[in-house]
Amino acid sequence: MVNSMANSLMRFKDRTVLVTGGGRGIGRAVALAFAEEGARVAVLSRTTDQVDAVADELRQTGSDALAVTCDVADPDAVHRAVGEVERGFGAIDVLVNAAGIFAMGPTEDFPTASSRALFDTNVLGTLEMCRAVSTGMLRRGEGRIINFASLLSFTAFPGRAGYAASKGAVLQLTRSLGIEWAAQGIRVNAVAPGMIKIETPHPAVQAGTLDEDAIVRRIPAGRRGRPADITGPVRFLASAEAEYITGQTLVVDGGWLSYGYL
């Protein structure tokens with residue numbers, strides 16, 4: 001009922017939404033959700049086959065869609081991609097920075113190159129996308145940016161120091177840009193997904209270092225999250241209903257962070 005009511009509002013009709021990391025998982029779900037509410041959706045990913053498939057999926061629903069291949073860790077590619085979207089669809093009204101990578105391992109053995117890759121994609125990639133779309137948004141005096149933080153923006157798990165540091169930086173980046181651009185009409189917020197079940201199992205589950213059943217027992221809501229659990233909060237933050245919210249990170253985790261009982 002909630003989703004059907006939201007969709008009937010068509011809050012993003014004739015708006016252009018750019019979703020990075022849109023080739024699979026949560027990014028794909030976000031792209032489809034915005035299309036359901038009337039948006040023109042540009043889907044960006046470094047994997048051409050995936051982003052083409054999602055764009056085709058969107059077009060089959062009658063939506064305008066644009067597939068863009070881009071690695072957000074490459075600043076020049078980011079600015080070229082934003083230019084391509086603006087030429088194809090016009091002004092970008094909403095940017096969703098869902099692109100990100102994950103890596104884990106004992107900190108004493110963790111490769112420096114892997115740490116750099118985490119920051120290049122998760123932090124600098126997010127920042128560069130924000131900078132690239134900000135030119136048009138600042139000129140128009142309007143724009144919405146939603147970044148992707150993490151539970152590890154707030155807490156810590158063993159063997160994830162580099163990833164946690166990168167996602168902590170995304171939280172601070174969101175706060176900083178949110179207050180810097182607020183007077184210019186740009187709202188910058190983030191969502192922090194909890195334990196979301198997507199097509200590809202979590203690397204730690206695959207490696208046998210994370211117990212799936214233990215995860216579910218630890219979640220007060222009693223289940224892993226689904227990509228659809230994230231799309232509503234993202235659309236809310238991009239909508240007029242969140243007009244007075246900026247610099248905030250909304251945790252969507254089924255109560256994980258608040259749960260204090262062992």
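Computation of the quantities below employed the complete heavy-atom set of this structure, encompassing side-chain atoms and omitting hydrogens, waters and symmetry-equivalent molecules. Along the sequence shown, the residues carry numbers beginning at 1.
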Polar side-chain atom of [X] near backbone of [Y] as donor-acceptor pair, under 3.5 Å:
| X | Y | value |
| --- | --- | --- |
| Thr48 | Thr69 | no |
| Ser45 | Gly21 | no |
| Arg187 | Gly178 | no |
| Arg218 | Val216 | no |
| Arg140 | Gly185 | no |
| Arg224 | Ile196 | yes |
| Ser150 | Leu152 | yes |
| Arg144 | Leu237 | no |
| Lys167 | Phe148 | yes |
| Asp52 | Asp49 | no |

Spacing of [X] atom [atom1] and [Y] atom [atom2] [to the nearest 0.5 Å]:
| X | Y | atom1 | atom2 | answer |
| --- | --- | --- | --- | --- |
| Asp64 | Thr16 | CG | OG1 | 8.5 Å |
| Leu127 | Ser134 | CG | OG | 9.5 Å |
| Met137 | Asp93 | CE | CG | 7.0 Å |
| Asp74 | Thr121 | CG | OG1 | 10.5 Å |
| Leu173 | Glu180 | CG | CD | 10.0 Å |

Below 4.5 Å, heavy atoms only, C-beta onward: do [X] and [Y] meet side chain to side chain?
| X | Y | answer |
| --- | --- | --- |
| Ile186 | Glu142 | no |
| Ile101 | Arg46 | yes |
| Thr47 | Val51 | no |
| Glu86 | Val82 | yes |
| Leu32 | Val41 | no |

side-chain contact (heavy atoms from CB on, under 4.5 Å) between Leu177 and Ile145: does it pass, once the steps are laid out?
-> CA-CA 10 Å; Leu177 295 182; Ile145 298 173; 5.8 Å; no
So if you build clusters from Ile, Leu, Val, Met, Phe, Trp, Tyr with side-chain heavy-atom gaps below 4.5 Å, do [X] and [Y] land together?
| X | Y | answer |
| --- | --- | --- |
| Leu118 | Val170 | no |
| Leu18 | Ile146 | no |
| Leu171 | Ile179 | no |
| Val54 | Val19 | yes |
| Val17 | Leu95 | no |

If every non-hydrogen atom of [X] is compared with every non-hydrogen atom of [Y], which pair is closest and at what distance?
| X | Y | value |
| --- | --- | --- |
| Phe236 | Ala242 | O-CB, 3.3 Å |
| Met129 | Val78 | SD-CG1, 3.3 Å |
| Gly100 | Asn122 | CA-OD1, 3.2 Å |
| Lys197 | Pro227 | O-CD, 3.5 Å |
| Ala238 | Phe12 | O-CE2, 3.5 Å |
| Ala149 | Ser153 | CB-OG, 3.3 Å |

Could I get the full list of ring-ring contact (aromatic ring centres under 6.0 Å, His included) partners for Tyr163, not counting sequence neighbours?
-> Phe102
Sort out for me which residue in Lys13, Arg15, Arg235 forms a side-chain contact (heavy atoms from CB on, under 4.5 Å) with Glu37.
-> Arg235
When you look at Val72 and Leu44, which way does the side-chain contact (heavy atoms from CB on, under 4.5 Å) test go after all the steps?
-> CA-CA 9 Å; Val72 300; Leu44 185 151; 3.9 Å; yes
Determine, stepwise, if the pair Leu250 / Asn189 fulfils side-chain contact (heavy atoms from CB on, under 4.5 Å).
-> CA-CA 8 Å; Leu250 176 58; Asn189 293 291; over 6 Å; no
Arg131/Glu128 under salt bridge (charged side-chain N to carboxylate O under 4.0 Å, His left out): CA gap, chis, key distance, verdict = CA-CA 5 Å; Arg131 280 167 31 85; Glu128 206 61 41; 3.2 Å; yes
Test side-chain contact (heavy atoms from CB on, under 4.5 Å) on Asp229 and Arg223 and set out the steps.
-> CA-CA 12 Å; Asp229 292 315; Arg223 64 172 177 84; 2.9 Å; yes
Single hit among Thr249, Thr246, Asn97, Asn147 for side-chain hydrogen bond (donor to acceptor under 3.5 Å, both in side chains) with Thr174 = Asn147
Atom CZ of Arg116 with >12 non-hydrogen neighbours under 6.0 angstrom = no
